[in-house]
Amino acid sequence: MSTASKDTPLHIGVLAIQGDYAAHAKALRETGAEPVLVRKPEELSSIEGLVIPGGESTTFLKFLTRNGFLDALQSFVRNKPTFGTCAGCILLAKEVRNPSQESLAVLDATVERNAYGRQVDSTIQLGESKIPGGPLEMVYIRAPRIVKTGPEVEVLAERDGFPVLVRQQNIVAATFHPELSSDRRVHQLFLDLVREQRKQDL
Ligand code: GLN
């Protein structure tokens, strides 16, 4: 955002058409950022980073493909920091399986939807990650599995040998839901990327 100065709070959009966007907005507020609920393509112009929350990726797609929103999102995520959790991670991935579906295709990864079963497949685990400060609580809800990543993708945490938290330049994606835990380190990591981008843009 061209009007941002070094000290103005980070304006972070949260795609608010479906899913657990309210939990992300709360998490962002707790980390000192200013959440902006995004429901229309034109609202992307006022934000410096975007969170694509968990929910149901097919429902997101139904809405997004209707009014040109998907194209607007695609150009946003190619240029600005974006953080996708669960369904958000599915929407960011280059390839989606089980079944195959359209995506924003910016994260060099192959993602399998609902990879841990269909109904009773939600679990909370503590996992090691590259984020300092000890194990992270990871809340999985009908989670996808990242089965393949490209060379530019840094794996920040794994579950059973598969990546669950990754970063590729200024894209962060998690197959779990950091917004549903009280630990804010993953959101902080994302906000650090947004701050970096702001420095470059000023
Ligand atoms: N199962 C959902 C999907 O495939 C993702 C679940 C979630 O976001 N918690 O889109």
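Whatever order the structure lists ligands and atoms in, that order sets their numbers, starting from 1. Reckoned from all heavy atoms, side chains included, excluding hydrogens, waters and symmetry mates. For the single chain, residues carry numbers from 1 onward in sequence order.
- Evaluation of the side-chain contact (heavy atoms from CB on, under 4.5 Å) rule for D71 yields Q74 as partners, not counting sequence neighbours.
- Under the 4.0 Å criterion applied to side-chain N and carboxylate O atoms, E56 and R113 are assigned as salt-bridge partners.
- Note that the CD atom of E42 and the CZ atom of F69 stand 8.0 Å from one another [nearest 0.5 Å].
- In the model, Q169 has a side-chain atom that pairs as donor or acceptor with a side-chain atom of E152 under 3.5 Å.
- Here the OG1 atom belonging to T85 is positioned 7.0 Å from the NE2 atom belonging to H187, to the nearest 0.5 angstrom.
- Checked by atom type and distance alone, the side chain of S129 pairs as donor or acceptor with a backbone atom of I131 at under 3.5 Å.
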List, pair by pair, the atoms of ligand 1 and of the protein that are both N or O and lie under 3.5 Å apart, giving the separation rounded to 0.1 Å.
residue, atom, partner, partner atom, Å
ligand 1, 1 (N), N114, OD1, 2.7
ligand 1, 1 (N), R142, O, 3.0
ligand 1, 4 (O), R113, NE, 2.7
ligand 1, 4 (O), R113, NH2, 3.0
ligand 1, 8 (O), G55, N, 2.9
ligand 1, 8 (O), G55, O, 3.0
ligand 1, 8 (O), A87, N, 3.0
ligand 1, 9 (N), I141, O, 2.9
ligand 1, 9 (N), H177, NE2, 2.9
ligand 1, 10 (O), S57, N, 2.7
ligand 1, 10 (O), S57, OG, 2.7

